[in-house]
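Below is one structure; the comments refer to it alone.
Keep in mind that this is a model prediction, so the values were computed, not measured.
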Amino acid sequence: MTPLLLAGLAMLIAVQAAPVRAQPEALSFGVIGHAFRKSADEALLRQSIVETDADNLGFVVVNGVKSADEPCTDALYEQRLALLSRAKNGVVLSLAGSDWADCKRDNGRPAAMERLTRVRDVYFQDEMSFGDTRLILTRQSTTTKFRSYAENARWEMGKIVFATINLPAPNNHYLTDAGRNGEFEDRLIANRYWLERVFTFAAREKRAGIVLFCDGNPALHSGRTSTRGPDGARDGFVEMRRQIVKHAATFPGKVLLVHGGSGSSGGKQGKPAAIAWKGNLGDLEVADGWTKVNVRPASPALFEVAERTKAAAR
């Protein structure tokens, strides 16, 4: 073999061996905002599932399965499970505070931990999504130390890492009564570990973006670092806000947080969805009904809220 051919072969091998950042593929996903204002609002969830079934989506994330006014019964949980399971797209559930944190016993005493345990048993028994198109999920519960936190799940599509994280509205279920914050404190430890794992995985695999789904609004762009909110009360999201902002600052790709409304479990009805960007960190508050988000490699922002047609929006 001539020296010229040898040099060419060496160059080809070097090019093939060079690390290449994975480029995202174009895709779209749907987010169904918290539809439950009262019992009758199940119709909005049903309609949103019908509309997302008719669209070309990679998957759909549903924010919450019940309203705060509905009973926290096993029968209702099973009813909503059947509804999610009949979807044609792959469906991932992101828990809302009204699914468990607002629950009360018959005597009026809190039943949050009991109902959270039950919700986990009903909805997160395996590593698959709901719907006809089954997505394979990586759950935090595969880690022995955090085997209870099956609601925190991660999956990939189009070179983007997607993950749910249990941050309920309002105020991340922080309770002011002395001695009653064990749930918050334990979940805070689990969530901080989970975020660390998600960002580490995405950076190691050279993914172009991360999308996080949660219920409550951590107010990422508020700039607040104090444990006290504007009203002087303890801010239940401050630790998560600090961590997301910190990780996003060192992540080379885009980071998008998709969440419900600021003051309750869900977006504001009729409010148009728009991504607010600050550097590489985007914040999207979803409204009732459903929102379509496009992943577009040609766009500098990478993530764009889609303009739905009138037919699809009805």
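- Under the 4.5 Å side-chain contact rule for hydrophobic residues, I165 and Y193 do not share a cluster.
- Under 4.0 Å is where a charged nitrogen must lie from a carboxylate oxygen, and between D53 and R86 no such pair does.
- There is a path of hydrophobic side-chain contacts, each under 4.5 Å, that joins V119 to L81.
- Taking hydrophobic clusters as Ile, Leu, Val, Met, Phe, Trp and Tyr residues chained together by side-chain heavy-atom distances below 4.5 Å, W100 does not share a cluster with Y149.
- E151 and R120 are joined by a salt bridge, as a carboxylate oxygen and a charged side-chain nitrogen come within less than 4.0 angstrom of each other.
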Open item on the list: Does E42 form a salt bridge (Lys or Arg N to Asp or Glu O under 4.0 Å) with R80? I'd like the steps, not just the answer.
Closed with: CA-CA 9 Å; E42 181 175 313; R80 300 287 156 76; 2.7 Å; yes

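- Across every non-hydrogen atom of D215 and L95, the tightest pair is CB-O, 3.4 Å.
- Side-chain contact check for D132 and N89: no donor-acceptor pair (N or O, by modelled atom type) lies under 3.5 Å.
- Under 4.0 Å is where a charged nitrogen must lie from a carboxylate oxygen, and between R118 and D74 at least one such pair does.
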Task: salt bridge (Lys or Arg N to Asp or Glu O under 4.0 Å) assessment of E196 paired with R192 - done: CA-CA 6 Å; E196 182 77 34; R192 295 180 74 166; over 6 Å; no

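- Rounded to the nearest 0.5 Å, atoms CG (L45) and CG (N63) are 11.0 Å apart.
- Of the possible donor and acceptor atoms, none in the side chain of D55 sits under 3.5 Å from a partner among the backbone N and O of L57.
- Taking the six-membered ring where the residue is Trp, F184 and Y174 present perpendicular rings, their angle passing 60° and hence far from 30°.
- For E239 and R234, the salt-bridge test passes: some basic side-chain N is under 4.0 Å from an acidic carboxylate O.
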TODO: Apply salt bridge (Lys or Arg N to Asp or Glu O under 4.0 Å) to E114 and R105, showing your working.
DONE: CA-CA 10 Å; E114 173 192 328; R105 297 186 176 89; 3.6 Å; yes

TODO: Step by step, work out the ring-ring contact (aromatic ring centres under 6.0 Å, His included) result for H221 and W277.
DONE: CA-CA 8 Å; H221 297 336; W277 289 99; 8.4 Å; no

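- A side chain to side chain donor-acceptor pair (under 3.5 Å) with R241 is found for one member of D235, N217, T225, N172 and no other, namely D235.
- Here the shortest heavy-atom pairing between G64 and A96 reads CA-CB, 3.6 Å.
- Of all non-hydrogen atoms in C72 and K66, the two that sit nearest each other are SG-NZ, 3.6 Å.
- Looking at R207, its side chain does come within 3.5 Å of a backbone N or O of E205 through a donor-acceptor pair.
- Contact annotation: the side chain of I49 approaches that of L84 to within less than 4.5 Å [non-hydrogen atoms, C-beta and beyond].
- Closest approach of E285 to G260, counting heavy atoms only: CG-O, 3.4 Å.
- The pair K278-D283 does not count as a salt bridge, with every side-chain nitrogen at least 4.0 angstrom from each carboxylate oxygen.
- Between F29 and F59, the ring planes lie parallel to each other; the angle is under 30°, not in the 30° to 60° tilted range.
- Under a hydrophobic-cluster definition in which Ile, Leu, Val, Met, Phe, Trp and Tyr are linked whenever side-chain heavy atoms come within less than 4.5 Å, directly or via other members, F146 and F199 are assigned to different clusters.
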